[in-house]
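Working notes, structure below.
Every chain is numbered from 1 and lettered A, B, ... according to where its sequence line falls, protein lines coming before strand lines.
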Amino acid sequence: MIRAAFWKEWREHRLKYGAYWLALNLPILIPALCIAVNKGARAPFADLSNATAMKYLGLAMVAECYAVVTIFMLATGFLAAATFSPEQEDRSVFVLFEQPVERWRYPACKMLHGLLQVGTAIVFAVLFAPLLAWVLMLAGGRVTLAGSLATMQTVMLAGLRGALSCWLISAIIFAACALITSIWPRWWIAIVGVVVWVIVFWVTVWSFFDLLSPSFENMGNGSVGLGAGSPQWLTITYSFPLSGFPAWKLLPTAAALAAIAILGGVSNWIISRRELK
Amino acid sequence: MNAIETRELTRNFGPARVVDAVTMEIPEGAVFGLLGANGAGKSTLLKLLIGHLKPAWGSASVFGLPPRSPRIWERLGYVAQARYLPQWMTARECLDFTRSLRPQWDVGKAAELVRRLDFPLNGRIRDLSRGHYVRLQIALALSHNPAAVVLDEPTSGLDPVGRHELLSILIDEVSARGCAVLLSSHIVEDVERMADHVAIMDRGKVVANGTVDALKTEGASSLEQAFLAAVGRSNS
């Protein structure tokens with residue numbers, strides 16, 4: 001069942017998943033390409049030493065984490081609506097209910113597939129950001145592979161933890177938007193519902209589930225400077241405390257897992273009880 | 001054991017009663033026709049039987065199991081009137097996908113049906129004509145050697161040649177395996193050709209029920225006359 005359902009999901013929605021992957025990586029890819037093709041723009045990275053590389057790599061990773069749980073929440077919500085809405089609108093979900101398989105299994109597989117897609121897209125995007133920055137630094141010449149490898153490992157490990165934290169928040173959004181779409185399968189109602197839900201989430205409970213910001217609370221003074229027109233257009237004096245990133249807390253983590261399970265379960269229940277009128 | 005049974009099966013859509021206390025029994029191996037005009041409640045009754053709709057009250061069972069039990073699909077095939085197979089799939093993908101969900105799938109039988117029904121395997125379902133679409137549905141419904149098959153207006157929208165050909169294939173298939181059939185149609189000729197027992201529905205109710213010969217002897221010389229008389233009596 002899982003294999004068949006995963007095949008159907010991927011085959012039916014692969015372009016949407018591809019678009020989601022691209023959306024998550026575009027903010028990194030576009031600046032990276034601009035920097036890569038312009039020698040002058042590479043100046044801040046060329047002047048880096050192994051000792052200061054950590055600040056830049058950490059910034060790329062942290063920035064991508066924040067992008068995922070802020071502006072890309074809408075993309076995650078739209079992905080849920082775009083993958084849950086069509087087969088309820090065109091009623092093709094009933095083909096699945098005409099098989100000798102419990103009705104709840106297919107929506108459950110669909111939710112699992114969606115959450116895995118969101119998770120892998122986030123892990124890739126979060127790790128891709130420092131990886132690209134690192135490649136640019138290596139291309140600059142002052143940062144060496146041997147001298148920066150340990151730093152890179154620290155950043156990548158922190159990135160993995162950060163991506164997991166981002167996935168928890170994004171999974172709440174995905175499951176909630178899947179539920180909205182299960183209640184109102186019409187795509188345009190689902191889209192409006194997604195936007196409203198994401199805004200409500202931001203305003204009300206985002207700070208509760210935010211595991212990223214608390215890790216920077218005792219960071220001390222520092223700055224991220226953007227100097228337009230100057231060769232040294234990017235200056236970072238922060239030293240990101242990546243060993244404690246993100247700041248895991250039991251209550252928000254448990255609440256996030258419970259929210260994902262409840263929202264996903266209710267969505268599943270609604271879909272499996274749907275009638276073909 | 002009866003293949004399909006209903007007791008006082010009733011369903012409303014808003015204030016309208018679409019299926020009204022329908023009681024019927026279809027024994028294993030019987031070919032049962034459900035005849036009624038458009039809007040008589042035939043499709044709704046079939047959806048209640050296979051669990052796509054829930055009854056307001058009354059009950060139904062398929063091989064002794066409730067309609068929402070997934071186990072009924074181990075022994076049941078269904079051809080829907082509505083077009084809701086995934087439109088983006090090719091016919092071949094749809095067959096493979098269904099095979100992966102049905103342990104009872106008979107690969108040899110499926111190949112034979114595909115050859116016999118002769119529909120384009122590599123065409124997207126959205127591009128299939130009504131005739132080819134129904135043929136694909138029949139292949140999907142019969143490839144696991146079901147003990148009962150429910151057909152909802154399979155010949156509706158087909159030209160006379162296509163209808164004749166499709167019914168011939170269906171008759172061959174069901175008579176060869178002796179499976180129970182519930183055929184819903186508003187085309188009297190199709191029901192008469194295939195069924196040995198007929199229920200006539202009008203406005204959600206079964207207004208006449210019996211063998212084709214018995215219905216004909218009730219003052220009508222043909223099944224069409226019996227159908228019109230039963231509907232007329234119900235309306236008066």
statement: Between A/A4 and B/L101, the two heavy atoms sitting closest are CB-CD2, 3.9 Å
message: Just so I know, are the side chains of B/E93 and A/W7 near enough to count as touching, which here means a heavy-atom distance under 4.5 Å?
response: yes
field: Any B/M89 side-chain heavy atom under 4.5 Å of A/S92 side chain
entry: no
- prompt: Is there a side-chain contact between A/F94 and B/K47, using heavy atoms and a 4.5 Å cut-off?
  reply: no
- prompt: Closest heavy-atom contact between B/L53 and A/L276?
  reply: CD2-O, 3.5 Å
query: Looking only at heavy atoms, which two atoms of A/S272 and B/R68 are closest? And how far apart?
result: O-NH1, 3.4 Å
message: If you define the side chain from C-beta out and look only at heavy atoms, does anything of B/P86 sit under 4.5 Å from A/E87?
response: no
- prompt: In terms of heavy-atom pairs under 4.5 Å, which option from B/R71, B/Q104, B/R102, B/E74 contacts chain A the most?
  reply: B/R102
- line: Residues A/V95 and B/Y84: closest non-hydrogen pair is CG2-O, 3.4 Å
Sub-4.5 Å side-chain heavy-atom contact between A/R273 and B/K54: yes
field: Sub-4.5 Å side-chain heavy-atom contact between B/R11 and A/E275
entry: yes
- prompt: Is the side chain of B/W88 donor-acceptor paired with the backbone N or O of A/H13 at a distance under 3.5 Å, no angle test?
  reply: no
field: Residue among A/R91, A/R274, A/M1 with most heavy-atom pairs under 4.5 Å to chain B
entry: A/R91
